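Treat the numbers as computed from the prediction; the structure is a model and nothing was measured.
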Amino acid sequence: YVLEGSVRRAGERMRINAQLINARSGNHAWARRYDHDFRNPFELQDEVIRNIVGALDYALWYGLARGASGVDALDPKASPLRAAAWHVTQLTATDLRSAVAAARHALERNPRSVAAFQYIGIAHTHAIMCGWSDDPLTDVTAAVEAGRQAVALSPADALSHALFGHAKAAARDGGGAIASGRRALSIDGNSANVLAAMATVLSLAGGADEANDVIARVLDLAPAHYY
């Protein structure tokens with residue numbers, strides 16, 4: 001991928017165009033325009049950089065997850081993590097079960113795969129929250145354990161903390177969910193996936209007003225976020 005853009009200034013106003021290009025196909029993977037006041041250029045620079053990094057974090061992951069094509073790309077034996085990601089973004093009861101199976105296959109190859117535990121956690125949590133679980137207690141236990149494993153393997157990973165909080169919220173541990181969510185935001189407050197998980201945590205823990213603000217930020221970074 002190649003990130004390119006342009007900057008134009010008219011008086012005290014500045015327009016910044018940024019776009020992410022797939023270097024193989026030449027297609028646009030993401031594009032955004034920023035219109036801002038130029039009176040404080042350093043704050044403007046920091047804000048635009050934060051927004052672009054946060055947006056690309058999601059765009060690149062989603063492009064990898066949803067860009068799969070052909071049988072091999074979704075074969076859990078050939079590419080288990082990519083298959084897990086694809087099934088997670090489908091967000092159906094059947095696909096969530098397939099995501100767990102693919103992630104478990106990834107763990108057979110690498111028992112220390114943080115991403116595999118993340119996909120397991122989010123799949124089980126979504127199954128509960130969407131009302132698709134046949135055994136909520138088993139699902140919530142598996143989600144919390146997956147979150148715990150992900151955090152233990154990568155304590156500095158924001159998404160692991162966010163998904164651990166997500167699972168705790170499903171387990172009705174409001175205090176623990178908020179604590180994990182705050183930890184995630186302290187590490188990376190610009191990740192659309194981290195923010196989306198935090199919005200759910202806040203909603204279930206009684207922080208609806210703050211959750212709405214977080215959701216607005218998610219939609220600003222990733223208007224087509226998968227959940």
Side-chain angles (χ1 to χ4, degrees), residues 54 57-58 60-62 64-66 80-91 93 95-107 110-130 132-133 136-205 207 210-211 214-215 217-218 221-222 225-227:
D57 173 68
Y58 181 77
L60 290 169
W61 172 80
Y62 190 79
L64 177 65
R66 298 288 290 150
L81 289 179
R82 190 170 188 182
W86 192 90
H87 286 298
V88 160
T89 60
Q90 289 294 306
L91 204 60
D95 279 294
L96 292 179
R97 289 191 292 270
S98 296
V100 171
R104 293 287 183 195
H105 192 79
L107 287 175
N110 176 15
R112 297 181 60 81
S113 172
V114 174
F117 283 115
Q118 290 175 344
Y119 288 132
I120 289 170
I122 200 168
H124 281 294
T125 304
H126 279 330
I128 297 165
M129 293 184 174
C130 292
W132 296 329
S133 175
L137 180 58
T138 296
D139 278 322
V140 77
T141 300
V144 171
E145 180 57 25
R148 181 178 293 111
Q149 292 279 5
V151 168
L153 287 169
S154 186
D157 184 80
L159 185 58
S160 293
H161 286 280
L163 295 180
F164 194 20
H166 205 216
K168 289 177 181 177
R172 300 185 180 182
D173 176 10
I178 290 289
S180 290
R182 299 290 186 207
R183 174 59 179 154
L185 291 179
S186 72
I187 297 171
D188 184 359
N190 291 303
S191 165
N193 281 334
V194 168
L195 290 164
M198 187 59 180
T200 302
V201 167
L202 289 166
S203 297
L204 295 176
E210 187 179 356
V214 175
I215 290 170
R217 175 64 174 156
V218 172
L221 290 171
H225 196 278
Y226 77 98
Y227 78 90

Minimal non-hydrogen separation, [X] against [Y], with atom names:
X    : Y    : answer
A196 : V218 : N-CG2, 3.5 Å
A123 : V100 : CB-CG2, 3.6 Å
A143 : G121 : CB-O, 3.8 Å
L91  : L96  : CD1-CD2, 4.4 Å
A99  : V88  : CB-CG2, 3.6 Å
I187 : A156 : CG2-O, 3.3 Å

Answer yes or no: is there a side-chain heavy-atom contact under 4.5 Å between [X] and [Y]?
X    : Y    : value
L64  : L60  : no
V151 : R183 : no
L185 : V214 : no

Quiz prompt | Main-chain N/O of W86 paired to T89 side chain as donor or acceptor, under 3.5 Å | solution =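 Flag set: sc T89 to bb W86 pair under 3.5 Å.
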
Quiz item: Is it true that a side-chain atom of T125 and a backbone atom of I122 form a donor plus acceptor pair closer than 3.5 Å?
Solution: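 Flag not set: sc T125 to bb I122 has no pair under 3.5 Å.
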
Self-check item: Trace of the side chain to side chain contact (heavy atoms under 4.5 Å, CB included) decision for I120 with L107
Solution: CA-CA 10 Å; I120 289 170; L107 287 175; 3.7 Å; yes

Can you sort out the partners of [X] under salt bridge (Lys or Arg N to Asp or Glu O under 4.0 Å), two or more places apart, ordered by chain and number?
X    : result
R148 : E145
R217 : D220
R182 : E210

Could you tell me the separation between the [atom1] atom of [X] and the [atom2] atom of [Y], rounded to the nearest 0.5 Å?
X    : Y    : atom1 : atom2 : result
R112 : F117 : CZ    : CZ    : 9.5 Å
D188 : L195 : CG    : CG    : 8.0 Å
W132 : R97  : CH2   : CZ    : 10.0 Å
L159 : S191 : CG    : OG    : 6.0 Å
D173 : L204 : CG    : CG    : 12.0 Å
D57  : N190 : CG    : CG    : 9.0 Å

Exercise. Apply side chain to side chain donor-acceptor pair (under 3.5 Å) to N193 and list each qualifying residue two or more places apart in sequence or on a separate chain.
Key: H225

Quiz item: Which word best sums up how the rings of Y62 and Y58 line up, parallel for under 30°, tilted for 30 to 60°, or perpendicular for over 60°?
Solution: parallel

Can you give the donor-acceptor pairs under 3.5 Å from side chains of residues 160-170 to other protein atoms, not counting sequence neighbours?
from: S160; atom 1: OG; to: Q118; atom 2: NE2; distance (Å): 2.9
from: S160; atom 1: OG; to: D157; atom 2: OD2; distance (Å): 2.9
from: H161; atom 1: NE2; to: P155; atom 2: O; distance (Å): 2.7
from: K168; atom 1: NZ; to: S180; atom 2: OG; distance (Å): 2.9

Quiz item: Among all residues two or more places apart in sequence or in another chain, which pass the side-chain contact (heavy atoms from CB on, under 4.5 Å) test with A171?
Solution: V140, V144

